[in-house]
Each structure stands twice: as C-alpha cells, then as structure tokens.
Amino acid sequence: MNATTMARRIVREYGETYAHEAGIRPRNTPAPLYQVLVLCVLLSAPIRATTAVAAARELFAAGLRTPRAMAGSGWQDRVDALGRAHYRRYDESTATALGDGARLLLDRWHGDLRALREEAGGDRARVRELVQEVPRIGPTGADVFCRETQAVWPELRPFVDARVREAASGVGLPRTPKALAGLVPPHDFTRLADGLVRVSLSPDAADRLRAA
C-alpha cells in the first residue's frame, strides 16, 4: 500500500477529529474556538481521551459553551458536569481551571480567541505560547489546540506534534508536516493528524493497517 492510499484509509477509518467527537463544529467564531480550548484543557489531564471528550460534551450540554457562560457558572455545577462523564480525580481542579481560564479570556482577549490569533500575528510558535497562558494548558494542550484549530486558522497548517509524527512512522508514512500534508487534500489534514493519534492509541490499529 503506498503512502497516499494509507493516508486516505486512515482518514476514512480513524479520521474523526476530537473536536467533531465532542460536538464542536469548527468555525472561526468565538464560541466554537472557545469550545476547542475547553476540550484542550480537558485533554491536558492524564486521563483517557474518550473521557475528556465525554466531559466536554457534558459541559456543553449544561450550556457552558462560551467564556461568559463558563465564568458565570458555579464551581459545583462544573464539577457535577465533569462527574457525569466520569472525569474523576481531576474534576475539582479542572473545574477551577475552567473558571479561571474563562475569566482570563474575558479579561485578556474579551472572550474572543481571534484576538489571541491577532496578537500572535500569524506566528505558530506565538499561538502555542499564548495558549499556554490558559490555566492547565501546557505544551501538550497547546499542540492539541493547534492540531484542531488548523482547520480554521490556515497559518497553523500543516501542524503535527510528536505523537502524530511517531504514529506516522509506525505505519510507514513520512514524519514531516509538508510531506504528510501532500498525501491528502487540505480540508482533510486535521482528520489525518487526529486519525494518526487515534491509531497510536489503539493497540492493534497500526498492525492491522500495515497488514492490509
């Protein structure tokens, strides 16, 4: 199987983005950008990705889809939403981080991450640096943010992190962003990147793909 065929198969079989799974429709508007950030906060804890996605869905179902709604919510309401998704051990600290992060966004960027984008001036490294000012988000969370947001912020594309590169090598695909991006249409690149992450988290996915 050549690289293009392999990449397209990964997109087809594993390419649901984490944002889509969380019920987020990526657009360059304040609410969905904030929802991606919330997802990144949740994925930054050492917890299963499926649990983090479920927690995002519970928060959004509770109406906490914007920084203003999150900042105005009660701490216990946030803890309860996380608990419904079985986001255990980190529920209380994450509830605090979400409230603090929402207030930071309102104060620093008026609740609109497009202002962060403007401050970064098209510099991907600066985007990563600014995102890490949000409580709980470190380098891993910043990578997730860039990976998910490149669908609507083209200056970030093609973005791959260490996990994507490692998974790509494991199935015989190139490791460099430019080479990976050449395997699929631009609108599918986020799906390829997230698909490779999913392959890396599945114990037999890489073997099954290589054996086909």
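Note: hydrogens, waters and symmetry copies are ignored here, and every other heavy atom, side chains too, is used. Numbering starts at 1 and runs along the sequence shown.
Atom CZ of Arg48 is surrounded by 12 or fewer heavy atoms from other residues, nucleotides or ligands within 6.0 Å. Other residues, nucleotides and ligands contribute over 12 non-hydrogen atoms within 6.0 Å of the CD atom of Glu13. Counting heavy atoms of neighbouring residues, nucleotides and ligands inside a 6.0 Å radius, atom CD of Glu118 does not exceed 12 of them.
Checked for salt-bridge contact, Glu129 and Arg126 meet the test: a charged N lies under 4.0 Å from a carboxylate O. Looking at Arg114 and Glu119, no side-chain N of the basic residue comes within less than 4.0 Å of a carboxylate O on the acidic one, giving no salt bridge. Between Arg57 and Glu21, none of the side-chain N atoms (NZ, or NE/NH1/NH2) sits under 4.0 Å from a carboxylate O, so this pair counts as no salt bridge.
Contact check for Trp109 versus Pro67: no side-chain heavy atoms found under the 4.5 Å cut-off. Within the 4.5 Å cutoff, side-chain heavy atoms of Phe60 are placed close to those of Ile24.
Taking each heavy atom of Ser73 and Leu64 in turn, the nearest pair found is CB-CD2, 3.6 Å. Scanning all heavy atoms of the two residues, the minimum distance from Pro177 to Pro158 falls at CB-O, 3.6 Å. Between Arg88 and Ile47, the shortest heavy-atom contact is O-CD1, 4.0 Å. Taking both residues in full, the closest heavy atoms of Leu39 and Ala56 are given as CD1-CB, 4.1 Å, listed atom of the first, atom of the second, then distance. When every heavy atom of Ala125 is checked against every heavy atom of Asp123, the shortest pair comes out as N-OD1, 2.9 Å. The two residues Ala52 and Leu43 come nearest to each other via the heavy atoms CB-CD2, 3.6 Å.
Residue Arg12 holds its CZ atom at 10.0 Å from CZ of Arg191, rounded to the nearest 0.5 Å.
Residue Leu106 is not grouped with residue Ile137 when hydrophobic side chains (ILVMFWY) are merged at heavy-atom distances under 4.5 angstrom, including chains of intermediate members. Hydrophobic clustering (side-chain heavy atoms under 4.5 Å, transitive across Ile, Leu, Val, Met, Phe, Trp, Tyr) groups Val38 together with Trp153.
Relative to the ring axis of Tyr18, Arg198 places its NZ or CZ within 45° and under 6.0 Å from the centre.
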Report the C-alpha separation of Arg136 and Ser93 in whole Å, then their side-chain angles, then the decisive distance to 0.1 Å, and conclude whether the side-chain hydrogen bond (donor to acceptor under 3.5 Å, both in side chains) test is met.
CA-CA 9 Å; Arg136 182 59 67 83; Ser93 61; 2.7 Å; yes
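No hydrogens or angles considered: nothing links the side chains of Thr140 and Asp143 as a donor-acceptor pair under 3.5 Å.
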